[in-house]
Structures are given as C-alpha cells and as structure tokens.
Peer 1: 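I have a structure here, written as structure tokens, and I will follow up with some questions on it.
A note on names: the letters A, B, ... follow the listed sequences, proteins ahead of strands, and every chain is numbered from 1.
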There are 2 protein chains.
Amino acid sequence: MYVFIQGLSKLSMSPYRFSGSKPETSIRLATNNCPYNSACDGCSSRHISLCNVLDTDELKSFSKISTDFHKNAKQVICSEDEDAEYIYNIRSGSVRISKMLSDGRRQITGFLFAGDFFGLSCKDKYSYTAEAITNVEICRFPRTKIIESFREFPALGERVFDMTRTELDSTHDQMLLLGRKNAKEKLCTFLLTMWEKSGRLNEGNGDEVDIPMSRSDIADFLGLTVETISRQFTNLHKLGLIDLDGAHKVFLKDTDALSALAENG
Amino acid sequence: MYVFIQGLSKLSMSPYRFSGSKPETSIRLATNNCPYNSACDGCSSRHISLCNVLDTDELKSFSKISTDFHKNAKQVICSEDEDAEYIYNIRSGSVRISKMLSDGRRQITGFLFAGDFFGLSCKDKYSYTAEAITNVEICRFPRTKIIESFREFPALGERVFDMTRTELDSTHDQMLLLGRKNAKEKLCTFLLTMWEKSGRLNEGNGDEVDIPMSRSDIADFLGLTVETISRQFTNLHKLGLIDLDGAHKVFLKDTDALSALAENG
DNA sequence: CGATGGATTGAACTGGTTCAAGTGGAGTGG
DNA sequence: CCACTCCACTTGAACCAGTTCAATCCATCG
C-alpha cells in the first residue's frame, strides 16, 4: 500500500521534504490523472494532492468523499471560529492563512500553494481564516472521514503527523523571525524561502521568483507595514541584490549575499 | 486500554485540555505512584507524566525504557542540532525552549512546566535548545521506541498527534502576538496565560501568579528587551492592575482589565 | 481616458531600544 | 553579624528603526 499525500507542511513556508520515509509510506507525486476524483482532469506533476495509492476499492471510497470547487482572488475559503467540517487541498493558486485582533490588526501565519493542505490541524473550529490570494482550485474532504481513516491506514496518519511536526518546526523559525529579526533580515529571509519553494516547484527558472501576494500580505506575514516592505525592496534593489519586474516578480541576483543578510542584516 | 499521557501541548503556553477525548483514549492524571518507573516515588496529581494505563506487561515494557535525571537551573537539557535520541517529560520545575541567531539574538518559543513533554516534534535533530529555568527533575524515553509504539497502541499516537495540533494552534497565537501586539499587550497576554496555567495547576491560589523565569527570558519570549519588560511591569503596577512581590511573584488585581489590555493596549 | 487601488516615496513622529547609572536582595566570607 | 560582591532588576535619557500620515506614481480595467 502506498499512501499518497503531500503538502500541509508548506504552511509557514517550510516545504516538507521526502527524506527518510519508509517504503510503505512513501509519497509520490501524481503524474497524470488524479485517481481520487474523476472530475479532476488537470493533474500534473505540480498538482500534488491527497491521492491515495491504495487498492482500487479503497481509492474509490476516498474519491467519493471529495468535492472540487473554485474561488476567486480575495474570496474567503474558511474562517476563524467556523465549524471545521473539511480539510482542504489546494490544486492550484495561492492561499493565505491569517488571524486577526479585534481591532483589525492581522497576522498572516502562512502562505499555501498548490499541493498544500489546511484545516487538518484544527479541533472542532478553524483557528484561522483562509483566503484566496489568486484564483484557486480547491478540493475538500470531510475531516471526520479522514481522521477516521487513520485507524484503517496507519501509514496515512503517521504521514500527516510527520507533516504536522515539520510545520511546527517551521512556525518556530517564523517566531524567531518575528521576534528577533529586523526589517531587512525579514525580507531577505522571505525572498529566499520563496526562492527555494519556486526552485522546487518549477525547476530551472533560475533566480526569478514569482511573488503572488501583495505588499500588504507580505507586511502582515513579516510583522511590518506596507511602507517598510516597499522601502526594503528598493533598498535591496539599490544594493544590487535583486531586480524588480513589477510588484510580483523578483530576480535574486546574489542569493549568497541575501542569505548572509537574512541572519545579519 | 487507557492511554495515559499529558503535557507537550503546553509548549507555547497553551495548556492542553481534556475535552472531547473518546473513552478508549481518555487521559488521566497519575494519582499516586508512578506506574512506569519504580524509581519514581514523587508522583502526585501535579506530576503528570507519560504513564500508560496499559496492562501490567505493557506497562513494564514502558517502565524499562525510561531514565530519570536531574538538572540544576541554567543547565542545558538538549540543544539545537544535537541528535534527537530522546523525548523528555518534566517531572518538576520549569524549562525554556529557544532558538538562536548566529549573533546571539534569542527567541524563546515556549516555557514548559511539570507534566510537559518536549522532543517529540523533532526529526532526527532537535530543532531547539531546552534549558532548565529552575532546578528540574526530568524523565526521558528513547524516541524511536515511543514512535514505534504508535503502531501497537494507535490511541497513543492519536493522542500525541492531537497534542501536537494543539501546540501548533498556540504557536499561531504567539505569532500574532509577536508580529502585531505592542509591549503592553504582550505583557498582559503573558501574565494572563501564566495566570490561567497556575490556576489550573494549583487551584485556589487566587490571583497570585508565580513567574519562575527571569525578565530576560520573558523579553526573549515576547520579542522585547529586559528594560521594556521592566518598564511595562511598573506601568501595570502604576495603573493599579498588578502588585509585585519581588521579581517572581505577581498579583493580578483586575484580570478583566488585563484581558482588555491584552488585545487593545 | 479617467477611475481605481496597489505600490512607492517623503517627512514627521514615536514606541521601543540602547546605553548608562543606580538599586536591592541573595549568597559568601571574614 | 556585617561587609562585600554579584547579578538581576529598575530607572533615566538619548537615539533610531520602523510607523504614521500624506502625496504621488503607475498599472489595470471598464
């Protein structure tokens, strides 16, 4: 039996890596048709989904419980304090996960991309809001069904636990960033993480990084203001470390220097 | 079979609560002698440990793999990048979990107390350093043994997964605090969390809260400096919201007002 | 082509830091 | 038992990184 699952862990920008997985729990990218939902004809190696390479019958039972849908940019997918009925998997597009204070101050706790999951690490209520950054295609599963299936397929449960731990690790890194890094260090760290991610997803794109989210999203992710983000972008440009092509495309000209600045800016 | 485990989730100051556990996975406090280690004679209702109310033989096998030890205040229990051989359970005392930047800036990601676990949410290396704040009694188990036992006792694995998710939730709250709250809000939030915790642990102590950690630990937990912490303490005192008895004992005189300040200081 | 909304830039301001000095309590040794 | 030391904590004052407020730029879209 192969458990076929990826994502989730990318929450908070720390991609899950496949090292160390035991054979019987090994994870594979979907290569062609999505096996768990016949309605999905868009599967490619970049569409990483909650596919279970179980036997055909097991697979069919999983297929039946999933629903595909679509959201436009800025639409809410699920919100804080709402009953956590589903877990979600992103087929395409980008999503932000955030929490708010009563007066509207916002902290984005993670950005999610194709293949990522969310909603699993919740209790009965969602503890955060998920919104579409770009147009997104989403697939959702009833949470209880998934959680029940951990007993039947322990490898699935172990995998999800493993990913949750990875995610926890990466939130600790983000706490270090939020609590102790200055604006320049924060932005450099962010750019490098986006770069690593994009390098993995579309190999060979060199040092061109796509930044789907707005300056204000980046600000709320890094605990800064839009203005500071903007100034730091210009700053890094003046230093000759990055080039900008519009607001959503960045060329990293010297990743080594950026790495150095990410810890000692 | 009863799985008998508590703690871990308190990392990042968000105590795990017992609501919603199914009967067969229900968690109980150790009441008297610690069943998993005959060397432990100090068990009380406040010593919450990795005890497994399994049958006697199962229990014995768990007992054999644990080791008790002791650390004095300021001693390191485990450190970043060290091989993650063990998981730890705190019998008594307080522990801080932290990460450092190369130049020595530190972020404390959580404080841990009696009954809490750490080291479980790691891969092959510890991703943080754990140090004793006070003198501590610790109990440790080989990680691999525990993780292997998840297959044999799925309820144990589910429980640990559950606690890890709770912990993840609380790190999101801490990210909101670090990224978006000001100094006064941060300290109020901190005091209230310590208060809730102490209320649970030693009921009936009213609004007196014990603060075992130093000002500098609090600063590194809240992303501030010692001076700011100190000033905010005096500030809250001048506002008549708290009284101070030395540096490590605080009386919360108006928890409602503190709650209000924790979100809109 | 004008309107809209994100992104940038400038200038004043401020919350929290930094640096520096002072305080107090616990431990040590004479 | 007091004097001395040490170290954590507090307090004060200057400073500055990042915010706030305001103006402008620029790309997109009806």
Peer 1: Tell me the interatomic distance from K249(B), atom NZ, to dC9(D), atom P, rounded to whole angstroms.
Peer 2: 16 Å

Peer 1: Please give, in whole Å, the distance from dG18(D) C1' to I229(A) CD1?
Peer 2: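 In whole Å, dG18(D) C1' lies 11 Å from I229(A) CD1.
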
Peer 1: Let me know the distance between NE2 of H237(A) and P of dT9(C), rounded to the nearest Å.
Peer 2: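 Interatomic distance, NE2 of H237(A) to P of dT9(C): 9 Å.
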
Peer 1: Quick one about S102(A) and N264(B) (side-chain donor to acceptor, distance below 3.5 Å, no hydrogens or angles considered), yes or no?
Peer 2: yes

Peer 1: Just by distance, with hydrogens left out, do E227(B) and S230(B) show a side-chain donor and acceptor under 3.5 Å apart?
Peer 2: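 Distance-only check fails for E227(B) and S230(B).
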
Peer 1: State whether the distance check finds a donor on one side and an acceptor on the other, under 3.5 Å, for side chain R231(B) versus base dG15(C).
Peer 2: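 Not at all, since no donor on one side and acceptor on the other fall under 3.5 Å apart.
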
Peer 1: Nearest to the side chain of T234(A) - dG16(C), dT11(D), dT9(C)?
Peer 2: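 Of the options given, the side chain of T234(A) lies nearest dT9(C).
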
Peer 1: Do we see a donor-acceptor contact under 3.5 Å between the side chains of K99(B) and T109(B)?
Peer 2: no

Peer 1: Atom CG of D245(B) to atom P of dG25(C): distance rounded to whole Å?
Peer 2: 11 Å

Peer 1: Just how far, in rounded Å, is C1' of dG16(C) from CZ of R105(B)?
Peer 2: 16 Å

Peer 1: Describe the nucleic acid contact of L224(B) in one word from base, sugar-phosphate, nothing, applying a heavy-atom distance below 4.0 Å.
Peer 2: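 Touches sugar-phosphate only.
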
Peer 1: Specify the separation, in whole Å, of atom CD of E227(A) and atom C1' of dA11(C).
Peer 2: 12 Å

Peer 1: How many Å lie between CD on Q232(A) and P on dA7(C), as a whole number?
Peer 2: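 Atom-to-atom, Q232(A) to dA7(C), this comes out as 16 Å.
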
Peer 1: With DNA chain C as reference, determine whether T225(B) or K74(A) sits nearer its 5' end, using the nearest nucleotide of each.
Peer 2: K74(A)

Peer 1: Answer with base, sugar-phosphate or nothing: what part of the nucleic acid does H248(A) contact at a heavy-atom distance below 4.0 Å?
Peer 2: sugar-phosphate

Peer 1: Nearest whole angstrom, please: distance from the C1' of dG16(C) to the CZ of R180(A).
Peer 2: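 Going from R180(A) (CZ) to dG16(C) (C1'), I get 11 Å.
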
Peer 1: When you measure from the centre of the six-membered ring of F221(B), is the NZ or CZ of R106(B) under 6.0 Å away and within 45° of the axis?
Peer 2: no

Peer 1: Please classify the nucleic acid contact of T228(B) as base, sugar-phosphate, or nothing, using heavy-atom distances under 4.0 Å.
Peer 2: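 Here T228(B) touches the bases of the nucleic acid.
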
Peer 1: Work out which heavy atom in L239(A) is nearest to a heavy atom in K184(A); give both atom names and the distance.
Peer 2: CD1-NZ, 4.1 Å

